[in-house]
K.L.:
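Take a look at the following structure, please.
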Amino acid sequence: MANLLNSFTIVLSFLFIYGYNYNVHVMAQWPSGGSTRFYDFKVQTKRVTKLCSTKDMVTINGKFPGPSVYAQEDDRIIVNVTNETPFNVTIHWHGVRQKLSCWFDGPSYITQCPIQAGQSFTYEFTMVKQKGTFFWHAHVSWLRATVYGALIVYPKTGVPYPFEAPYEEHTLILGEYWLQDVVQLERATAASGGPPTPTNAYTINGHPGPNYNCSNNDVYQIDVVSGKTYLLRLIHAGLNMENFFAIANHKLTIVEADAEYTKPFTTDRVMLGPGQTMSVLVTADQSPGKYSMAMGPYMSAKGVKFQNISSIAYFQYSGAVPNSLSLPAKLPCFNDNLAVKTVMDGLRSLNPVNVSRQIDTDLFVTIGLNVQKCHSKTPKQNCQGLNNGVMAASMNNISFVNPKISLLEAYYKKINGSFTEDFPGVPLKFYDFVNGAPNNVPNNTQALNGTKALVLEYGARVQLIMQDTGTVTTENHPIHLHGYSFYVVGYGTGNYNPKTANFNLVDPPYMNTIGVPVGGWAAIRFVADNPGVWFMHCHLDIHQSWGLGTVLVVKNGKGDLEILPHPPADLPQC
């Protein structure tokens, strides 16, 4: 037995070092904690054939999805990224709180300038008190559509999962695939002033599945043994769509959301928005056969075109009849808001948590879409938004304008002119957010433009109310905050009313990306104890491109572990 464990440790160490995408049994001991894990990422163009069409696309190490990064709680991760393509690139480590390592967070022009063609940059950060299912992705232009991979962080040595150890665990990355080059797609969308082209296919681990052209053999499959329980790590790396996920005739028990353990909650299906992760237990308790794992659309906005064909993977039992037809999975209707709420209602932190009852900084931020007036001399080409305008998005009716240099560098070096510190902590105007508009619809649906930051004192206990608006259409928005996780203490439909809102201050889920409900609100709380410049934005990339974001500047504290370190020597320059 000792030799078996030693052999397993050697194999798992190999996985950690080289990032191979293998599924691993989890019965043996974890590698020792506090180690340093080294990875080498080469940004490369790869020729790929899918959906009867061939194109060149940007990848990491020629893999799609990219290589998995494995680590353990409190490990240090060092990733050297070399850009061998003509495109600018950065890598964001989604969900990693980057304690005192803001320089390595990755969003372009927020914490760093992009890594240009032929250049390298080394990311270094520690998984301080963090474990679970994370992922990494490009954070410049729409390269995130193909540049992404899993980041799996195991518990410390000898620390078990808070649930029965699964027989195997598998990572399923939900994505979107376009026939068109995504950089050209982004440029064409921006130039048009209108909405983007819907994805040509949804994918599970890069495979569209048999519902799409030329894809009968382009299917991901998990082979399972009757009676065994499996841990599926679900990651949504898609660009512009939220999605339901289900397995035919099988229950999913949620045990982790956004890399934080939850009380077990069993459901028929889940919904993930871009940027969200979720780990579920599935027991192979049905008759041997081939069962569909389905990924289909959730579209809460009105009047938006989207891909309505589901991606299919297989959950296949050992001993099933070869080449048998798969049993179909039942997904909710594309606009089933109740199905989304039901899952959110079931998310609770595993144990009671210490949520601050006192609030130092109380913020109220509206989120939604806008239509700017057309100023183009060629409106048919450049003003294809609603009412012949240009589509935009905003927080507190301010549309975020990307700077020309890194905001963190500008803040640290006190370079004036890149941003202002006057993002309003409340809307400029209060009105019926869900059913009205800040201006005179449909004649005036404009937002202000600016690169405005909200400044927080170190240690401030923050409450942030996020309110969906119906200026153009209400919609579920997956809002991601860099550098922090937060307690989701409340959410609801309609306009937020502090007199009637119900808060959970006992065991709220601890998340980094929250779906603000369609036509509703969400309340989060966190302590501003990580100095730096942190991006907060909608993780639907089209909304981010349109300006649905802002930055939080958290000041230094007074102690040695409360001060932003100096920038790394190889920080890319703009």
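Since the model is a prediction, treat every value here as computed from it, not as a measurement. Values reported hereafter were calculated over all heavy atoms of this structure, with side chains retained and with hydrogens, waters and symmetry mates removed.
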K.L.:
Please lay out, stage by stage, how Tyr123 and Phe125 fare under the test ring-ring contact (aromatic ring centres under 6.0 Å, His included).
P.N.:
CA-CA 7 Å; Tyr123 292 90; Phe125 52 90; 7.6 Å; no

K.L.:
Using ring-ring contact (aromatic ring centres under 6.0 Å, His included), reason through His236 and His539 one step at a time and then give a plain yes or no.
P.N.:
CA-CA 10 Å; His236 199 309; His539 221 279; 8.9 Å; no

K.L.:
Verify side chain to side chain donor-acceptor pair (under 3.5 Å) between Ser394 and Asn370, making sure each step is shown before the conclusion.
P.N.:
CA-CA 7 Å; Ser394 62; Asn370 301 80; 2.7 Å; yes

K.L.:
Could you go through the side chain to side chain contact (heavy atoms under 4.5 Å, CB included) check for Leu428 and Leu448 one step at a time?
P.N.:
CA-CA 10 Å; Leu428 303 176; Leu448 301 174; 3.6 Å; yes

K.L.:
Yes or no on side chain to side chain contact (heavy atoms under 4.5 Å, CB included) for Val58 and Val89, after CA distance, side-chain angles and deciding distance?
P.N.:
CA-CA 10 Å; Val58 180; Val89 74; 5.7 Å; no

K.L.:
Please tell me whether Asp258 and Gln276 have a donor and an acceptor in their side chains that are separated by less than 3.5 angstrom.
P.N.:
no

K.L.:
Check whether any side-chain heavy atom of Leu408 lies under 4.5 Å from a side-chain heavy atom of Gln112, and answer yes or no.
P.N.:
no

K.L.:
Could you walk me through whether Thr85 and Asn83 satisfy the side chain to side chain donor-acceptor pair (under 3.5 Å) test, starting with their C-alpha distance in whole Å, then the side-chain angles of each, then the deciding distance to 0.1 Å, before giving a yes or no?
P.N.:
CA-CA 6 Å; Thr85 76; Asn83 187 2; 2.9 Å; yes

K.L.:
I'd like to know if the side chain of Ser215 reaches the main chain of Asn213, judged simply by a donor and an acceptor atom lying under 3.5 Å from each other, with no hydrogens or angles considered.
P.N.:
yes

K.L.:
Atom CG of residue position Asn416 - does it have more than 12 heavy atoms of other residues, nucleotides or ligands inside 6.0 Å?
P.N.:
no

K.L.:
With rounding to the nearest 0.5 Å, note down the distance linking CH2 in Trp178 to CG in Leu185.
P.N.:
6.5 Å

K.L.:
Indicate yes or no for a side-chain donor-acceptor contact from Thr366 to the backbone of Pro427 under 3.5 Å, with no hydrogens or angles considered.
P.N.:
no

K.L.:
Measure the spacing between CD1 of Ile91 and CZ of Phe104 and express it to the nearest 0.5 Å.
P.N.:
14.5 Å

K.L.:
Distance-only, no hydrogens or angles: does the Asp468 side chain make a donor-acceptor pair with backbone N or O of Gly519 under 3.5 Å?
P.N.:
yes

K.L.:
Can you tell me which residue among Thr133, Thr171, Thr277 is in a side-chain hydrogen bond (donor to acceptor under 3.5 Å, both in side chains) with Arg233?
P.N.:
Thr133

K.L.:
Counting distance only, does the side-chain N/O of Glu84 pair as donor-acceptor with the main-chain N or O of Gln44 below 3.5 Å?
P.N.:
no

K.L.:
With ring centroids as reference points, do Phe433 and Tyr496 lie under 6.0 angstrom apart?
P.N.:
no

K.L.:
Out of Phe400, Tyr109, Tyr484, which one pairs with Phe535 under the ring-ring contact (aromatic ring centres under 6.0 Å, His included) rule?
P.N.:
Phe400

K.L.:
Take Trp142 and Ser545 through the side chain to side chain contact (heavy atoms under 4.5 Å, CB included) test and state the conclusion after the steps.
P.N.:
CA-CA 9 Å; Trp142 288 4; Ser545 298; 2.9 Å; yes

K.L.:
Charged N to carboxylate O under 4.0 angstrom, Lys55 versus Asp181?
P.N.:
no

K.L.:
Calculate, to the nearest 0.5 Å, the distance between atoms CG and CD1 belonging to Asp105 and Ile110 respectively.
P.N.:
9.5 Å

K.L.:
After noting the C-alpha distance and the side-chain angles of Gln307 and Asn200, does the key distance pass the side chain to side chain donor-acceptor pair (under 3.5 Å) rule?
P.N.:
CA-CA 7 Å; Gln307 175 60 263; Asn200 294 106; over 6 Å; no

K.L.:
Has Arg269 got a side-chain atom pairing as donor or acceptor with Phe244's backbone, closer than 3.5 angstrom?
P.N.:
no

K.L.:
With a 3.5 Å distance limit and no angle check, can you tell me whether Asn211 reaches the backbone of Ser310 through a side-chain donor-acceptor pair?
P.N.:
yes

K.L.:
Decide yes or no on ring-ring contact (aromatic ring centres under 6.0 Å, His included) for His94 and His480, but give the supporting numbers first.
P.N.:
CA-CA 9 Å; His94 189 104; His480 175 50; 3.8 Å; yes

K.L.:
I would like to know whether Thr122 and Asn80 meet side chain to side chain donor-acceptor pair (under 3.5 Å); could you show each step before the answer?
P.N.:
CA-CA 4 Å; Thr122 301; Asn80 183 60; 2.9 Å; yes

K.L.:
List for me each residue that meets salt bridge (charged side-chain N to carboxylate O under 4.0 Å, His left out) alongside Glu186, sequence neighbours excluded, and say none if there are none.
P.N.:
none

K.L.:
If you take the centroid of each ring, where Trp contributes its six-membered ring, are His537 and His543 closer together than 6.0 Å?
P.N.:
no

K.L.:
Exactly one of Leu174, Val219, Ile235, Ile173 should register a side-chain contact (heavy atoms from CB on, under 4.5 Å) with Asn205. Which one does?
P.N.:
Ile173

K.L.:
Before giving the answer on salt bridge (charged side-chain N to carboxylate O under 4.0 Å, His left out), spell out for Lys46 and Asp56 the whole-Å C-alpha distance, their side-chain angles and the decisive distance to 0.1 Å.
P.N.:
CA-CA 5 Å; Lys46 178 182 176 66; Asp56 290 327; over 6 Å; no

K.L.:
CZ/Arg187 to OG1/Thr189 distance, rounded to the nearest 0.5 angstrom?
P.N.:
12.0 Å

K.L.:
What distance do Asp541 atom CG and Leu548 atom CG have between them, rounded to the nearest 0.5 Å?
P.N.:
11.5 Å

K.L.:
Inspect the contact between Arg97 and Glu260 and indicate whether a charged nitrogen and a carboxylate oxygen are less than 4.0 angstrom apart.
P.N.:
yes

K.L.:
With a 3.5 Å distance limit and no angle check, can you tell me whether Thr513 reaches the backbone of Ile479 through a side-chain donor-acceptor pair?
P.N.:
no

K.L.:
Establish, yes or no, whether a centroid distance under 6.0 Å links the rings of Phe135 and Trp93.
P.N.:
no

K.L.:
Tell me, please, which residues at least two apart from Tyr202 pass ring-ring contact (aromatic ring centres under 6.0 Å, His included).
P.N.:
none

K.L.:
Any side-chain to backbone donor/acceptor pair from Gln116 onto Gln573? Under 3.5 Å, distance only.
P.N.:
yes

K.L.:
Measuring from Thr146:OG1 to His137:NE2, what's the distance to the nearest 0.5 Å?
P.N.:
12.5 Å

K.L.:
Please test Met536 against Leu464 for side chain to side chain contact (heavy atoms under 4.5 Å, CB included), starting from the C-alpha separation and ending with a verdict.
P.N.:
CA-CA 12 Å; Met536 181 173 71; Leu464 169 59; 3.6 Å; yes

K.L.:
Report yes if some heavy atom in the side chain of Glu409 is under 4.5 Å from a heavy atom in the side chain of Pro567; otherwise report no.
P.N.:
no

K.L.:
Any donor-acceptor pair under 3.5 Å linking the side-chain atoms of Trp521 with those of Thr493?
P.N.:
no

K.L.:
Going by heavy atoms in the side chains, are Val551 and Leu454 under 4.5 Å from each other?
P.N.:
no

K.L.:
Would you say the side-chain atoms of Ser292 pair up with the backbone N or O of Ala294, donor to acceptor, closer than 3.5 Å?
P.N.:
no

K.L.:
Okay, side chain of Ser485, backbone of Tyr510: is any donor-acceptor separation there less than 3.5 Å?
P.N.:
no

K.L.:
Could you tell me how the ring of Tyr412 sits relative to the ring of Trp103: parallel (under 30°), tilted (30 to 60°) or perpendicular (over 60°)?
P.N.:
perpendicular

